[in-house]
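Any value given below was found using the heavy atoms of this structure, including those in side chains, with hydrogens, waters and symmetry copies removed.
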Amino acid sequence: GIHLKVKTQEENISVHLGPAWYINKQDIKFITGDAVTIKGSRITFNDTPAIIAIHAKKDNLVLNLRDHNGFPVWSAWWKKGKNNKRANRGSIN
């Protein structure tokens with residue numbers, strides 16, 4: 001998948017966006033030095049803090065990655081039903 005290394009005032013953190021085939025088809029592109037705003041869930045991946053992005057903003061563009069329940073937007077086949085329960089997580093604004 002595609003991820004960004006984001007530097008904040010407090011830390012450097014990896015932000016997981018989604019699969020390359022999906023990200024590369026979007027209008028928004030990220031390059032080193034871009035100012036971005038990320039909203040997502042903080043996780044620990046390989047003993048290192050990371051963020052699973054819900055959306056990423058750059059300038060006036062927004063890359064939507066997951067819905068409010070955390071389901072990936074590229075997973076249209078994913079059944080969203082009563083039997084599919086996910087844990088609530090905090091978010092970073």
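- The hydrophobic clustering, which links ILVMFWY residues whose side-chain heavy atoms are closer than 4.5 Å, places Leu61 and Leu63 together.
- Residues Asp34 and Asp59 are not in side-chain contact: their nearest non-hydrogen atoms beyond the backbone lie 4.5 Å or more apart.
- Atom NZ of Lys29 is surrounded by more than 12 heavy atoms from other residues, nucleotides or ligands within 6.0 Å.
- Of all the heavy atoms in His3 and Ser14, the pair that sits closest is CD2-OG, 3.3 Å.
- Side-chain contact between Tyr22 and Leu17: absent, with no pair of heavy atoms (C-beta onward) separated by less than 4.5 Å.
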Next item on the list: Report the C-alpha separation of Leu65 and Ile52 in whole Å, then their side-chain angles, then the decisive distance to 0.1 Å, and conclude whether the side-chain contact (heavy atoms from CB on, under 4.5 Å) test is met.
Entry: CA-CA 9 Å; Leu65 300 161; Ile52 301 293; over 6 Å; no

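- Side-chain atoms of Thr44 never come within 3.5 Å of backbone atoms of Asp47 as a donor-acceptor pair (strictly under, hydrogens ignored).
- Looking at Arg42 and Ile13, their side chains come closer than 4.5 Å, going by heavy atoms from C-beta outward.
- Between Ala20 and Ile2, the closest heavy-atom pair is CA-CG1, 3.6 Å.
- Panel note: side chain Asp67, backbone Asn69; a donor-acceptor pair is recorded below 3.5 Å.
- Contact record, Trp74 with Gly18: CH2-CA, 3.6 Å, taken as the closest heavy-atom pair.
- Phe45 and His16 have perpendicular rings, their planes meeting at more than 60° on a 0 to 90° scale where under 30° would count as parallel.
- Atom-to-atom distance recorded for Lys58:NZ and Ile31:CD1 is 5.5 Å, nearest 0.5 angstrom.
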